[in-house]
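Here's the structure, in structure tokens; my notes come after.
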Amino acid sequence: MKKPTKLIHNHAGTGSRRTVNPPIERASTVILPDRKTLYSASPGYGRMGLAVQRELESAMCTLEGAQFSRLTPNGLSACAIAISSLVKAGDTVLISDSIYGPTRRFCERRLKRMGVKCARFAPRDLDGIRQQLNAGVAAIFLECPGSLTFEISDITAITKHARECGARVVMDNTWAAGVFCQPLALGADLVVQALTKYVVGHADAFGGAIMTNDRALATELEEITEDWGVSLSPDDAYAALRGTRTLVTRLREHETTALILAEWLEAHPKVAEVIHPALPSHPDHEIWKRDFSGSNGLFSFLLDAESIAELDTFISGLKLFQLGFSWGGFESLLIPCDDQLKRMKSDWTTSKKGYLIRVHAGLEDASDLVADLQGAFETMTGEKIT
Ligand SMILES: *Cc1c(COP(=O)(O)O)cnc(C)c1O
């Protein structure tokens with residue numbers, strides 16, 4: 001069976017249920033039948049998750065081609081816990097400098113206080129990564145493509161080097177949502193996702209998940225989530241599980257609309273560059289074609305504006321695109337993101353011209369979104385371009 005079929009027919013361990021969906025059991029207490037079961041039942045307590053969480057874990061395993069899955073309350077905790085499960089005091093973790101900002105902050109602030117060193121690498125600099133890989137490196141964390149600048153790391157080459165040096169690789173696969181890329185099959189040890197984005201898909205819940213095919217790592221993840229009391233609420237798990245049913249279908253629509261917008265923007269005189277891995281103009285297009293089977297609604301472009309004031313005028317001219325962090329929902333969003341590019345290894349801010357704007361193409365009709373962008377350009381330049 002293909003993935004969309006499996007996701008729709010995912011009913012883990014539910015023999016006699018009459019409903020298509022599992023019940024949302026809002027429970028701390030689980031009533032147990034006798035003294036013996038009291039100390040052996042699984043789950044014996046609501047924090048370990050009940051029917052909805054089990055089915056979501058199973059769906060996440062389907063998405064990522066994994067045997068084991070653990071849920072966390074949001075994407076950031078999935079990243080933090082995945083890294084923590086691989087390191088101890090004295091180790092070093094290498095992070096790609098295009099990763100989600102708060103994950104980087106976790107490594108550089110929190111892990112540092114626990115005696116774990118952190119070093120960054122530029123996502124497409126394989127030689128740099130190889131040079132930094134030494135016996136002290138316990139883990140490499142990458143996100144591919146980075147969700148602002150869309151560099152594609154060579155996942156296969158990185159996992160191969162890492163294996164030779166005894167380091168583990170974690171990949172944040174939120175962009176591909178487990179649909180367009182299979183990091184575990186490419187050699188990653190752990191894969192994480194912010195379910196908050198495409199899996200939930202409606203901007204109304206949080207969730208995170210960590211998947212692996214390594215039994216020892218799965219045990220470690222089970223222990224670390226239990227030790228830190230990390231769990232996902234049944235309501236958020238339900239929203240994520242529901243999202244898995246339509247994920248592939250929604251992604252196709254996001255993909256089509258984003259490509260229409262990206263190609264339209266690429267031809268626009270006030271756009272210096274469009275950064276979308278599925279466009280032949282993207283520097284990593286060939287690697288993307290090798291390792292990814294599709295793209296989503298997210299990409300960036302460089303707005304050729306004279307000043308911050310002009311950028312503000314552009315934004316003020318938008319009616320459908322709303323300003324807001326996050327992505328993966330039904331709604332189109334856009335953010336200027338130069339403020340977020342505080343990176344060390346890559347020369348992004350110095351080598352590019354214009355203001356970096358990240359676009360999330362929602363599920364509106366593509367022609368309305370093109371018209372909205374057109375209106376914003378006209379507001380910015382004060383002239384009608386035909
Ligand atoms: C949003 C995001 C996260 C964090 O997810 P939250 O659920 O908001 O904590 C992690 N990684 C990536 C790539 C993200 O886009």
Side-chain angles (χ1 to χ4, degrees), residues 56 60 63-64 69-84 93 95-111 123 140-153 155 169-181 183 188 190-211 225 228 230-233 235-241 243-244 247 251 254 258 275 277 292 295-300 323-329 331 333-335 337 340-341 343 356 358-362:
L56 177 58
M60 293 312 298
L63 273 170
E64 294 290 357
S69 166
R70 289 303 280 186
L71 302 175
T72 66
N74 49 53
L76 179 56
S77 52
C79 297
I81 284 165
I83 300 169
S84 303
V93 52
I95 60 170
S96 142
D97 65 6
S98 62
I99 63 171
Y100 181 64
T103 305
R104 198 167 62 218
R105 191 182 59 203
F106 168 78
C107 294
E108 293 178 348
R109 186 165 71 187
R110 196 57 36 200
L111 279 185
I140 301 177
F141 186 96
L142 50 116
E143 181 186 323
C144 191
S147 60
L148 296 173
T149 45
F150 301 93
E151 296 98 334
I152 309 278
S153 300
I155 306 162
V169 175
V170 190
M171 176 158 147
D172 185 335
N173 201 28
T174 303
W175 188 90
V179 174
F180 300 132
C181 179
L190 298 178
V191 58
V192 300
Q193 271 197 50
L195 309 180
T196 315
K197 307 292 166 54
Y198 280 118
V199 171
V200 165
H202 293 73
D204 55 359
F206 280 98
I210 312 168
M211 277 62 63
T225 44
W228 278 349
V230 166
S231 58
L232 180 63
S233 84
D235 293 85
D236 281 353
Y238 188 90
L241 178 64
T244 63
L247 176 66
L251 278 170
H254 286 292
I275 306 149
F292 290 75
S295 59
N296 61 22
L298 203 69
F299 67 96
S300 290
L323 276 192
F325 293 108
S326 199
W327 41 276
E331 75 289 13
L333 297 170
L334 171 155
I335 49 166
C337 35
Q340 288 190 52
L341 297 176
R343 310 195 306 183
L356 184 67
R358 186 183 72 190
V359 177
H360 178 249

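Both ligands and their constituent atoms are indexed starting at 1 by order of listing.
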Check Asn74 against ligand 1 and report side chain, backbone, both or neither, counting heavy atoms closer than 4.0 Å. both

Contact partition for Trp175 relative to ligand 1, non-hydrogen atoms under 4.0 Å: neither

In Val170, Ile95, Ile83, Val192, the residue satisfying side chain to side chain contact (heavy atoms under 4.5 Å, CB included) with Thr103 is Ile83

Distance filter under 4.0 Å to [X] heavy atoms, resulting ligand 1 atoms:
X	value
Trp327	15 (O)
Glu143	13 (C)
Leu76	4 (C), 5 (O), 6 (P), 9 (O)

Any chance you could lay out the side chain to side chain donor-acceptor pair (under 3.5 Å) test for Thr174 and Asp172, step after step, and finish with the verdict? CA-CA 6 Å; Thr174 303; Asp172 185 335; 2.6 Å; yes

For [atom], what's the nearest protein heavy-atom neighbour? Residue, atom name and distance, please.
atom	answer
atom 11 (N) of ligand 1	Asp172 OD2, 2.7 Å
atom 14 (C) of ligand 1	Lys197 NZ, 2.8 Å
atom 8 (O) of ligand 1	Phe206 CE2, 3.7 Å
atom 6 (P) of ligand 1	Gly75 N, 3.3 Å

Nearest heavy-atom contact between Pro183 and Val191 is CG-CG2, 3.8 Å

What are the two closest non-hydrogen atoms of Ser98 and Pro123, and how far apart are they? OG-CG, 3.6 Å

Determine yes or no for a side-chain-to-main-chain donor-acceptor pair under 3.5 angstrom, with [X] supplying the side chain and [Y] the backbone.
X	Y	value
Asn296	His254	no
His360	Ser326	no
Thr225	Val230	no

Does Thr196 reach ligand 1 with a nitrogen or oxygen that is under 3.5 Å from one of the ligand's nitrogen or oxygen atoms? yes

What about Cys79: any of its N or O atoms under 3.5 Å from an N or O on ligand 1? no

Examine Trp327 together with Tyr198 and report whether their ring centres are nearer than 6.0 Å. yes

